Structures are given as C-alpha cells and as structure tokens.
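Worksheet: one structure, shown below.
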Amino acid sequence: MPGAEYDLIAFGGEGKDDIVLPAAVTAPPALTLTAPDVGVSLFELDRAEGLELAWESNGGQPNRVVIRLIDTYGQMLTAHAVDDGSFTIPSAELSQLAPGPATLTIAREQSFDLGLPDGDLQVVLRYEVWADPDLI
C-alpha cells in the first residue's frame, strides 16, 4: 500500500533470536502519471519523437523512478530518473526498439539499508504504473 509502514521480522534459528523492527520501512507514495495519457490501451508512441513522461513529483523524499520500455521481442530500455516530475527518453533510444505493441512501466522506489546483527539487508519498496504503448 502506498505510504504504508511495514515491520521487518527476521526469524532466528539455532542459537539466534528473532529480530523484530517495527515500522522499519515505508512504502513510497503512489505515482500518478500525468503524461502521456496511459488510460487507453495501445496508445500510439512515435519512436521518432521520443517519449516525454510527466508525473506528480514527491517533493524531497529519497525516491528514484525506474522507467522500463519493453518491445514485442523482449528488448528492454531502462532509465533511472530523479523523482522531480519529468523525464524524456530520446528518439535515438526509442528507435532501437521494434515497432508494435510494447510494455511501459514507471515505478517509484524507496530503498532501505537495514543493519542486522549478522549482516546488512537492503529492502526496496516500489509503486508501479503499467501502460501498453503501440510503438510506431
């Protein structure tokens, strides 16, 4: 759930105590994509024009935004963006993907490094939006 706090419980084993960390991690807020309009199935995406993404930024939180575009043959383009509300994938990058149906995901992530007695644990929580562009 966006914005929810989660406990971490690491069950001990032989000679080890259970570790309970209340409210150890917090899920990022929901990501609301404002452009392009992904509410329609197979919206047209012209590879020659690039892809301008816009979303409601999350002022000041230590988030990153991960953008993935996967074409019909499984070729994937991945970008990591600052959560400042916009990112553009240049046409030179888009032109490397095959025309046809594709999958676009935009995810807001928060990462937590938790020190445990026997080592460190990294937890990544994400809120992801999916869309289905038609690459032309």
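Positions are given from 1 along the sequence. Quantities reported herein were computed from a predicted structural model and do not represent experimental measurements.
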| field | More than 12 heavy atoms from other groups under 6.0 Å of CD on Gln75 | value | yes
| query | Is Phe11 reachable from Val20 through a run of I, L, V, M, F, W or Y residues, each pair having side-chain heavy atoms under 4.5 Å apart? | reply | yes
| request: Would you check if Val38 and Phe43 make a side-chain contact, meaning some heavy-atom pair closer than 4.5 Å? | output: yes
| said: Checking Phe87 against Ile67 for the side chain to side chain contact (heavy atoms under 4.5 Å, CB included) test, could you report, in this order, the C-alpha distance in whole Å, the side-chain angles of both residues, the deciding distance, and whether it holds? | reply: CA-CA 9 Å; Phe87 187 82; Ile67 302 157; 3.6 Å; yes
| Can any side-chain N or O of Arg47 pair as donor or acceptor with the backbone N or O of Ile136 at less than 3.5 Å? | yes
| query | Hey, are the side chains of Leu8 and Leu116 touching, using non-hydrogen atoms and a 4.5 Å cut-off? | reply | yes
| query | Please walk me through it: do Thr103 and Trp130 pass side chain to side chain contact (heavy atoms under 4.5 Å, CB included)? | reply | CA-CA 7 Å; Thr103 300; Trp130 289 63; 3.5 Å; yes
| With side chains defined as the heavy atoms from C-beta onward, is the minimum distance between Trp55 and Leu53 less than 4.5 Å? | yes
| field | Any side-chain heavy-atom pair of Ile106 and Val66 under 4.5 Å | value | no
| task | Considering non-hydrogen atoms only, spot the tightest contact between Leu42 and Pro101 and give its length. | result | CD2-CB, 4.0 Å
| query | Between Asp7 (side chain) and Ala23 (backbone), is there a donor-acceptor pair under 3.5 Å? | reply | yes
| said: side chain to side chain contact (heavy atoms under 4.5 Å, CB included), that's the test. Do Met1 and Tyr127 meet it? Break it down for me. | reply: CA-CA 8 Å; Met1 294 298 299; Tyr127 183 92; over 6 Å; no
| Joint cluster assignment, Leu125 & Leu21, ILVMFWY side-chain distance < 4.5 Å | yes
| message | To the closest 0.5 Å, what do you measure between CG (Leu51) and OG (Ser91)? | response | 11.0 Å
| message | Side chains of Gln122 and Ser111 only: does a donor on one sit below 3.5 Å from an acceptor on the other? | response | yes
| What's the shortest heavy-atom distance between Asp37 and Gly39, and which atoms? | OD1-N, 3.0 Å
| said: I'd like to know if the side chain of Arg108 reaches the main chain of Glu128, judged simply by a donor and an acceptor atom lying under 3.5 Å from each other, with no hydrogens or angles considered. | reply: no
| said: With heavy-atom distances below 4.5 Å as the criterion, would you say the side chains of Asp113 and Asp120 are in contact? | reply: no
| remark: To the nearest 0.5 Å, atom CG of Leu121 lies from atom CD1 of Ile19 at 9.5 Å
| field | OG1-CG distance between Thr78 and Leu69, expressed to the nearest 0.5 angstrom | value | 9.0 Å
| note | Rounded to the nearest 0.5 angstrom, the CD-OG1 distance for Glu5 and Thr26 is 4.5 Å
| message | Nearest 0.5 angstrom please: Ile70 CD1 to Leu97 CG, how far? | response | 10.0 Å
| Looking only at heavy atoms, which two atoms of Asp134 and Gly100 are closest? And how far apart? | OD1-C, 3.3 Å
| field | Heavy-atom donor-acceptor pair, Ser86 side chain to Ala54 backbone, under 3.5 Å | value | no
| CD/Glu49 to CD/Glu44 distance, rounded to the nearest 0.5 angstrom? | 10.0 Å
| field | Steps toward side chain to side chain contact (heavy atoms under 4.5 Å, CB included) verdict (Gln96, Leu77) | value | CA-CA 9 Å; Gln96 296 179 43; Leu77 185 144; over 6 Å; no
| query | Is it true that a side-chain atom of Asp71 and a backbone atom of Ala102 form a donor plus acceptor pair closer than 3.5 Å? | reply | no
